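Just the heavy atoms: all of them, side chains too, but no hydrogens, waters or symmetry mates, feed the values below. Being a predicted model, the structure only gives us computed values, none of them experimental.
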Amino acid sequence: MKNPDWSQLTFGYYPTDYNVRCEYKDGKWGELQLSQDTNINIHMASSCLHYGQEAFEGLKAFRGKDGKIRLFRPEENARRLADSAHGIMMAEFPVEKFLEAVKMVVKANEHFVPPYESGASLYIRPLLIGVGPLVGVKPASEYMFLVFVTPVGPYFKDGFKPTPMAIMRGYDRAAPLGTGTIKVGGNYAASLKPGHIAHEKGYSAVLFLDAKEKKYLDECGPANFFGIKNNTYITPDSPSILPSITNKSLCQIAEDLGMKVERRHIPVEELETFEEAGACGTAAVISPILRVDDLDENKSYVFSKDGKAGPISTKMYETLRGIQYGDVEDKHGWVTIIE
């Protein structure tokens, strides 16, 4: 497979040469296998198809100015996948084996890691599914782990530029004591309809409220929310939010920049007090928010009057991206270099 035109890449799927697979049978994981097959052969009664026994991760590989390929905090993704597996009673994939698989698949597809100056990266998608024949509602006895890669461009077509988001009280992403804190496909399935409606109305994403009381900010669809005021980085504390590795990193960066960090409930009304706001996650790193329109209350909260990202969001974005590409000192040992 030839390399794509790096400058034209979107956040979509572009075929690469290899993926890595591993099977769980008889109570143990087998060996990692390098494959060129883009299809998987599973039984039609597999639990992933009927009962949602499926979890996934997302991380990236970056090519630095020095030509070296870097992974950003892959052990955090490995631990989060294990947490997701535990949450829906799947066999947990070992952290060390996860790291080995990720390094193997990146190395095998090394020429698909975009060049430094392109602004693109190699997206890595680990997947864990329950397989084998099963009809009753219970955990599978067999599992498949696989990881594939694809080069990607910016998650939002305009890149690091503020976009409008909407609050829609008629939809929930996840229940407070459900699967919101783990990365399973059902959470994203629940966000597809409100996300589609929001996109049709000209918004980039939905800012979901807590499902129980509809009083507090929860997640921005596929990303965590944060607000900035009084030199403080504030992000929601909720029993239904996925713990974002990017958000965790930004909390540390905020402290490194001399800011305070608060994880707490954020009432909807507090939106009008923030100087800056954004969504953060692996795909976009930071997506600054232009404004939030509360469609049910007919209210609008504006964070950017000139259409540009705020100075603190910009500094944090540049710092995190700089660490990922090797341009900024990695003080916390977050980067793994592929040898």
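Using a 4.0 Å cut-off between charged nitrogen and carboxylate oxygen, E23 and K25 count as a salt-bridge pair. Classification of R79 and E76 as a salt-bridged pair holds, one side-chain N sitting under 4.0 Å from a carboxylate O. Residues K214 and D172 are paired through a salt bridge, judged by an N-O separation under 4.0 Å between the basic side chain and the carboxylate. Ionic pairing of E339 and K107 is not present here: no N-O contact between side-chain nitrogen and carboxylate oxygen is shorter than 4.0 angstrom. Contact check on K229 versus E275 returns no salt bridge, with no Lys/Arg side-chain nitrogen under 4.0 Å from an Asp/Glu carboxylate oxygen.
Using modelled atom types, one finds no donor on one side chain facing an acceptor on the other under 3.5 Å when comparing D17 with Q36. Counting only N and O atoms by type, the side chains of D256 and H332 include a donor and acceptor under 3.5 Å apart. S35 and D37 share no side-chain donor-acceptor pair at under 3.5 Å. A side-chain donor-acceptor contact under 3.5 Å links D306 and S304. Side-chain contact of E276 with S313: a donor-acceptor pair under 3.5 Å is present, judged by distance alone. Of the N and O atoms on the side chains of D66 and Y325, not one donor lies less than 3.5 Å from an acceptor on the other residue.
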- Task: Decide salt bridge (Lys or Arg N to Asp or Glu O under 4.0 Å) for E57 and R125; before the verdict, give the C-alpha distance in whole Å, the side-chain angles of both, and the deciding distance to 0.1 Å.
- Result: CA-CA 6 Å; E57 276 299 321; R125 170 53 57 85; over 6 Å; no
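Note that the NZ atom of K248 and the CH2 atom of W334 stand 9.5 Å from one another [nearest 0.5 Å].
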